[in-house]
> 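Below you will find the structure I want to go over with you.
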Amino acid sequence: MFIVRFIIIINLILNLYSYNDPVIYKDENITLNNRTQQIHTLEVDLEEPGVSITNALSFSKIYGFEKTSVMVKDNGAIAGVNGMFYTMYGHHIGLLVKDKKIVSKANNYTPVVAFLESGETFIGDINTEVKIKRKDDNNNIIVSTMNDGANDETWVLYSDIYGNSNRITRKSINYVIEDNRVIDKVITTEPVDIPKNGYVLSRVTEDTDKYDLLKVNEMVEIDTVYTPDIGPVKEAFQSGGWLVKDSVNVAKDYEPLMGNTRIPNPRTILGITKDNKLIIKVIDGRQPNHSYGVTGKNCADLMLKEGCINAVYLDGGASSTMVYENKVVNSPSNKEERKVAHSIVVKYETNIISRIFSKIRNFARNFIK
């Protein structure tokens, strides 16, 4: 009886020891280019139930800046990193899909990272078309821009993530849409309020009669078409450029959003493995006695070593920040965490039994060591 119990206990300890958390953080100090480099890595098993990747915006709106650590905490996440590139006013650049809703359209010069409802992860080049779909398909309205400043004679679609109003102070025609129904038409030179969970379709124009197209109470649909067709999207964001494509180092010496990538700098990078593990790295830089920083081609090599089949840049430099378990684990180059417009956060929703199991596992590992 004693031997049986002993075998059961040993088996339990071995199983606990071999079990891996779906979200793993590690840091390592290596020598690269004859320089010391401090590298922080998150490995996220996207096949594990309860694990999800979410876009986080400063104050949950477009525009403005907030620390990644605050966004991680506010979203109840276990980890996160700084994310997309953004303008001087804190508007993210490129495609953003949040909670299955498109927030802004893709640009055409950097790849997109998309987490699909199928559970798959897509990293690649993509085009988006957004239209107001009517019963008569011949009269659909093509949307030029979403949740951004309105140029003359273009259709712009606003959702409440943009703020309380469309902020337009020029003559415009506006259709207020709620629950897929046009509830109001407004011709004005003042901002138009955006309903919660609704939209405002706006066009700055002097010829409002020409664009009097929709009728109040008409039913419409916000239709998004992705090319290639990648299926329904849960979350997506635009990256800063390719590092690894189809398991090949394709890092360029120059990227439009970053400039010269041959200069060693702090970097935040993201990739996906064949078995759907998300790899996120922050490499500290601009601190010669701590970590020098890496080039774009260095980044691609690091991701290939992790088994990534596709990998891309995120925003880097002084913005590079990694948060794990409510702590900034890297050393930002400005000696303090920079406020950013967008972060990528990792959630792991688990029950109390799983948490206890995790604690026991960690104890077993430490005991064996």
> Counting N and O atoms only, with roles assigned by atom type, does the side chain of D184 sit under 3.5 Å from a partner on the main chain of V176, one being a donor and the other an acceptor?
no
> Please find the pair of heavy atoms, one from S291 and one from D284, that lie closest to each other, and give the distance.
OG-O, 2.7 Å
> If you round to the nearest 0.5 Å, how far is CD of E28 from NE2 of H40?
10.0 Å
> In the single-linkage hydrophobic clustering (I, L, V, M, F, W, Y; side-chain heavy atoms under 4.5 Å), do V204 and L201 co-cluster?
no
> Stepwise, does the side-chain hydrogen bond (donor to acceptor under 3.5 Å, both in side chains) test hold for S159 with N147?
CA-CA 7 Å; S159 61; N147 292 308; 3.3 Å; yes
> Step through the shown structure and confirm whether more than 12 heavy atoms of other residues, nucleotides or ligands are within 6.0 Å of OH on Y254.
yes
> Would you say V23 and L314 are hydrophobically clustered, going by side-chain heavy atoms of ILVMFWY under 4.5 Å?
yes
> Considering all heavy atoms of both residues, which atom of Y162 and which atom of G149 are nearest to each other, and what is their separation?
OH-N, 4.2 Å
> According to a hydrophobic-cluster definition based on side-chain heavy atoms being under 4.5 Å apart (Ile, Leu, Val, Met, Phe, Trp, Tyr only), do Y25 and L46 belong together?
yes
> I would like to know whether I141 and L213 meet side-chain contact (heavy atoms from CB on, under 4.5 Å); could you show each step before the answer?
CA-CA 9 Å; I141 298 174; L213 303 178; 4.0 Å; yes
> For the backbone of D148 and the side chain of Y158, can you confirm whether one donor and one acceptor N or O come within less than 3.5 Å of each other?
yes
> For Q238 and T110, test the side chains for any donor-to-acceptor distance below 3.5 angstrom and give the result as yes or no.
yes
> Can you list the steps and then say if D229 with T227 is a side-chain contact (heavy atoms from CB on, under 4.5 Å)?
CA-CA 5 Å; D229 182 4; T227 306; over 6 Å; no
> K281 and I39: side-chain contact (heavy atoms from CB on, under 4.5 Å), yes or no, with the steps?
CA-CA 7 Å; K281 287 184 181 289; I39 301 175; 4.1 Å; yes
> Considering all heavy atoms of both residues, which atom of A114 and which atom of V233 are nearest to each other, and what is their separation?
CB-CG1, 4.3 Å
> Between the main-chain N or O of S69 and the side-chain N or O of E337, is there a donor-acceptor pair closer than 3.5 Å?
yes
> What do you reckon, are the aromatic ring centroids of Y86 and F65 less than 6.0 Å apart?
yes
> From the options I102, V103, I62, select the one residue that forms a side chain to side chain contact (heavy atoms under 4.5 Å, CB included) with L96.
V103
> If you count heavy atoms of other groups shown closer than 6.0 angstrom to CG of N164, is the number above 12?
no
> With under 30° as parallel and over 60° as perpendicular, where do the rings of W155 and Y175 fit, or are they tilted in between?
tilted
> S202 pairs by side-chain hydrogen bond (donor to acceptor under 3.5 Å, both in side chains) with which of T145, T188, N166?
N166
> Among residues at least two apart in sequence or on other chains, which ones pass salt bridge (charged side-chain N to carboxylate O under 4.0 Å, His left out) with K277?
D275
> How close do S239 and L257 get, heavy atom to heavy atom, and via which atoms?
O-CD1, 4.1 Å
> Hydrophobic cluster membership, with links at side-chain heavy-atom distances under 4.5 Å among I/L/V/M/F/W/Y: are V97 and Y199 in one?
yes
> Using a 4.5 Å cut-off on heavy atoms from C-beta on, say whether the side chain of Y324 contacts that of I78.
yes
> Let's go through T41 and L302 carefully: what are the C-alpha distance in whole Å and the side-chain angles of both, what is the deciding distance for side-chain contact (heavy atoms from CB on, under 4.5 Å) to 0.1 Å, and is it a yes or a no?
CA-CA 11 Å; T41 304; L302 289 170; over 6 Å; no
> Any side-chain heavy-atom pair from I132 and L157 closer than 4.5 angstrom?
yes
> Quick check on the hydrophobic clustering: are V130 and I126 connected, directly or via other members, by side-chain heavy-atom contacts under 4.5 Å?
yes
> I'd like to know whether D207 forms a side-chain hydrogen bond (donor to acceptor under 3.5 Å, both in side chains) with T205, so could you lay out the CA-CA distance, the side-chain angles of the two residues, the decisive distance to 0.1 Å, and finally the verdict.
CA-CA 5 Å; D207 193 356; T205 182; 6.0 Å; no
> Please state whether the rings of F237 and F115 are parallel, tilted or perpendicular, taking 30° and 60° as the class boundaries.
tilted
> Under the criterion side-chain hydrogen bond (donor to acceptor under 3.5 Å, both in side chains), which of H92, H342, K98, K234 is the partner of N55?
H342
> Given 3.5 Å as the limit, does a donor-acceptor pair link the side chain of R134 with the main chain of L214, or not?
no
> Are any of the side-chain heavy atoms of K100 and P232 separated by less than 4.5 Å?
no
> Output side-chain donor-acceptor pairs under 3.5 Å for residues 242-252, partner residues at least two apart or in another chain, one line each.
from	atom 1	to	atom 2	distance (Å)
N249	OD1	A251	N	3.1
N249	ND2	K297	O	3.4
N249	ND2	D301	OD1	3.1

> Quick check for you: to the nearest 0.5 Å, what is the distance between I161 atom CD1 and D99 atom CG?
8.0 Å
> Testing the basics here: between P22 and V51, what is the closest heavy-atom pair and its distance to 0.1 Å?
CB-CG2, 3.7 Å
> Is the backbone N or O of A150 less than 3.5 Å from a side-chain atom of R170, with the two atoms forming a donor-acceptor pair by type?
yes
> Run the side-chain donor-acceptor check on residues 116-123: report pairs under 3.5 Å with partners two or more places apart or on a different chain.
from	atom 1	to	atom 2	distance (Å)
S118	OG	E120	N	3.3
S118	OG	E120	OE1	3.2
T121	OG1	N276	OD1	3.0

> Where is the tightest heavy-atom contact between R167 and G163, given as atom of each residue plus distance?
NH2-CA, 4.1 Å
> Yes or no on salt bridge (Lys or Arg N to Asp or Glu O under 4.0 Å) for E306 and K26, after CA distance, side-chain angles and deciding distance?
CA-CA 13 Å; E306 294 282 359; K26 66 178 180 180; 3.5 Å; yes
> Within the distance-only criterion (no hydrogens, no angle test), does the side chain of N310 pair as donor or acceptor with the backbone N or O of I272 below 3.5 angstrom?
no
> How long is the gap from CG on N180 to CD1 on I222, to the nearest 0.5 Å?
7.0 Å
> State whether the side chain of E66 and the backbone N or O of F59 hold a donor-acceptor pair below 3.5 Å, judged by distance alone.
yes
> Could you go through S320 and T268, starting from their C-alpha distance and side-chain angles, then the distance that decides it, and tell me whether this counts as side-chain hydrogen bond (donor to acceptor under 3.5 Å, both in side chains)?
CA-CA 6 Å; S320 285; T268 304; 2.9 Å; yes
> Donor-acceptor check, side chain of T321 to backbone of S319, threshold 3.5 angstrom: yes or no?
yes
> Mark yes when over 12 heavy atoms from residues, nucleotides or ligands other than K339 sit less than 6.0 Å from its NZ; otherwise mark no.
no
> Does the side chain of Q38 pick up a donor-acceptor pair with the side chain of N29 at under 3.5 Å?
yes
> Would you check if the side chain of S333 reaches a backbone N or O of G285 as a donor-acceptor pair within less than 3.5 Å?
no
> Closer than 3.5 angstrom, by distance alone: can the side chain of R203 be matched with the main-chain N or O of E153 as a donor-acceptor pair?
yes
> Can you measure from CD (E349) to OG (S52) and round to the nearest 0.5 angstrom?
5.5 Å
> Once you round to the nearest 0.5 Å, how far does CD1 of I177 lie from CD1 of I183?
9.5 Å
> Distance check, rounded to the nearest 0.5 Å: R267 atom CZ versus Q37 atom CD?
11.0 Å
